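As the structure is a prediction and not an experimental result, all values here were calculated from the model. Starting from 1, each residue takes its place in the sequence as its number.
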Amino acid sequence: MGSNPLSSSLKPSEETCEIDLQIGGMSCASCVSRVQNALKDVPGVQVAMVNLASEKARVTRNSERSGDQDLIEAVEKVGYRASFLSQKVDKASQENLRLEKEKALRLQKRKVILAALLSIPLMSPMVLQAMGVQFELSPWIQLALATPVQFWLGGHFYISSWKAIRNKTGNMDLLVALGTSAAYGLSLYLGFIRAGSKMHSHLYFEGSAVVITLVLLGQYLETRAKRRTIEALSALDSLKPERARIRRENNETEVLISQVRTGDIVIVKPGEKIPVDGLVIEGQSQVDESLITGESLPRDKSKGDKVVGGSLNTIGKLVIQTTAIDTEGVLAQIIRLVENAQAVKAPVEKLVDRVSAVFVPVVILIALVTIISWGLFSHNWEMAIINGVSVLVIACPCALGLATPASIMVGTGRAAKVGILIKDAETLERAQSIQVVAFDKTGTLTEGKPQILNFQTLKGQEKQILSWMASLQAESEHPLARVVVKKAQDENLSLQTVDEFKVIPGKGLQGRVSGHLIGIGSLKWVQEKGSLENDFLKKAEESASQGETVSFVIDEDEKKVLGFVSYGDMPKANSQAAIEKLQAMKIKTVLLTGDNAKSAKKIASFLHLDDYKAEILPQQKAQVIKELQKNQTSVAMVGDGINDAPALAVADLGMAMSTGTDVAMQTAGMTLMRGDPLL
């Protein structure tokens, strides 16, 4: 039966087991680090990976243990919530979880809006002053506006800070709480205790309120981005049917997909989606596996071939023996690959974690030194306290709330004008250092739709034979059939009635048109017939050798080949220009595709790519990206399909085509809205 390289690369060793946890209460990268470190400290844990986007943790630990409750306790001890994540979650539970998260996101949005409404009046005197208008709010009004922002809308900063202090660590929430509390407290002192003194006329209520508002806005945007990523990954489940038709004790029964077990016999009729990963034991058909391979044309399947859950069975009935249940299938593993790739931190992110771990205590130390120094040398302890508070206010992450959103707005705004959507500032930063760009083929560099490249028939009979072909294929949903029908329609040819129509699984179609028994089939089918007169074989073989798909038209009554059609996927108009522009910038270009080697070589040669790799699975694409990243090489991946998502997540910069899938776009940092590689 052979081994599945995707499966084998993901399964833990026999001596270990994997436990998935749902983590609650995380808000930033430092939260991820604390949870991850807490899990790693549990006896027997070998690997712990925490994903902020999906709010999940995957722990690999020694299988010789009495229970996993100690993992929950370790997470709760550092101030976060944790629960075991069941591999089988019913639709109702999933919907309830989705509704809860949507409710939390709406609440977060309302908090941002309310904080902004309360902060705008506090900012108005500063704005009006710049316009030459002198206006000041009463200290009591400022207090009334700033207090709910500080302690109600920004209350979670204090909760997070307390958790950090309890665990003897510092985080950015602690700095926000300290800085804004210092500004708020100083304003109370200046506005009410020293209200009679003219030494300090300015209050800092607007500073504390605006910083909290902007940080809340940043957290809301981050949460919304996480929700989109999670929803895109969850949407993969919808690619598989909810029910499967299984054969047990010679009876066919429909059951829920969660009830299918390894070894069960599954029946899949023409036009249905294949519900499970398995091995064909009966039947012949063609299966559209574009979600895995990226290849636009269906693949022939017969006894002994593997099929993937979620792919589409087109023309023949298949009987499949299940080799992997729902949670172990290729689609589930693609989701796992993407989540794992997102959880792995880039070197720069690890550096930020190390800096943030010492940044907060260093700032507090500097503030204390400032107070003591000013107090001892000036003997003015009031001014010393004000200066110490100023250190905390200045160190408060205003850059996160002000400079970063401003730079994102300018950069993303300029990019949007030319059709590029950029997810965050990190994407902008990484884009300038790219050394290698890896491209998917189908739908990225090529149109992703089969086209007729060569149509040769008996002289003088081109239109008649095209009409026969279109008439025979009019009822078929096969992509190649639709291309032929469209060509006939474009040439204003009328379709004719077909009698004795039948599908020959794995070979072609047959039917009587205008009194002629016409067959449309593969080169293999023609070769099997043997005695057919065939003047087109050499030319057809030349087309096939270049990676094109060839179909023959046969007159069964006269035992004659009437002609052949070759199909292929054409490069996009600007693909070659895009490759040339990258190479002019000394950037290496590589093609990564699940398509066959002949098609890959043809496109790579035509576009003058530096290298190509063909017939590779999603996990293998991600592995190739990792290999390219060796020796500190910065790699970008451009793709449009579900099969590209793991590679997009692993790459230093992921770029998706808007003409592709939601999963690809949510995994990538950039989206090319016009589907044009030249952008």
Engineer: Between D440 and M657, is a side chain to side chain contact (heavy atoms under 4.5 Å, CB included) present by the stated rule, with each step listed?
Structural biologist: CA-CA 10 Å; D440 168 53; M657 298 288 180; over 6 Å; no
Engineer: Are any side-chain N or O atoms of D305 and backbone N or O atoms of S302, one a donor and one an acceptor, separated by less than 3.5 Å?
Structural biologist: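 Side chain of D305 to backbone of S302, a donor-acceptor pair under 3.5 Å: yes, one is there.
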Engineer: Any non-hydrogen side-chain atom of E272 less than 4.5 Å from a side-chain atom of P241?
Structural biologist: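 A side-chain contact is absent here, since even the closest heavy-atom pair is not under 4.5 Å.
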Engineer: Has the side chain of R430 got a donor or acceptor atom that lies under 3.5 Å from a matching backbone atom of L653?
Structural biologist: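 Side chain of R430 to backbone of L653, a donor-acceptor pair under 3.5 Å: no, none is there.
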Engineer: Can you tell which of I281, T322, I320 makes a side chain to side chain contact (heavy atoms under 4.5 Å, CB included) with I265?
Structural biologist: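 The residue from I281, T322, I320 that satisfies side chain to side chain contact (heavy atoms under 4.5 Å, CB included) with I265 turns out to be I281.
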Engineer: Can you see which heavy atom on G271 is nearest to which on L312, and at what distance?
Structural biologist: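 Minimum heavy-atom separation between G271 and L312: O-CD1, 3.5 Å.
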Engineer: Could you check whether D41 pairs with K77 (Lys NZ or Arg NE/NH1/NH2 to Asp/Glu carboxylate O, under 4.0 Å)?
Structural biologist: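 No, this pair does not count.
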Engineer: Could you tell me whether D644 and K621 have a side-chain N and a carboxylate O separated by less than 4.0 Å?
Structural biologist: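 Looking at D644 and K621, the cut-off is met.
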Engineer: Tell me, with the steps shown, if V45 and L71 meet side chain to side chain contact (heavy atoms under 4.5 Å, CB included).
Structural biologist: CA-CA 9 Å; V45 171; L71 298 174; 3.8 Å; yes
Engineer: Between K269 (side chain only) and N313 (backbone N and O only), is there a donor and an acceptor less than 3.5 Å apart?
Structural biologist: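 It does not hold such a pair.
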Engineer: Check whether more than 12 heavy atoms from other residues, nucleotides or ligands sit under 6.0 Å from atom CZ of R81, and answer yes or no.
Structural biologist: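 12 or below, so no.
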Engineer: Identify the residue among V308, D288, V307 that makes a side chain to side chain contact (heavy atoms under 4.5 Å, CB included) with I274.
Structural biologist: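 Only match with I274 under side chain to side chain contact (heavy atoms under 4.5 Å, CB included): V307.
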Engineer: Is there side-chain contact between T323 and K306, with heavy atoms separated by less than 4.5 Å?
Structural biologist: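 They are not in side-chain contact.
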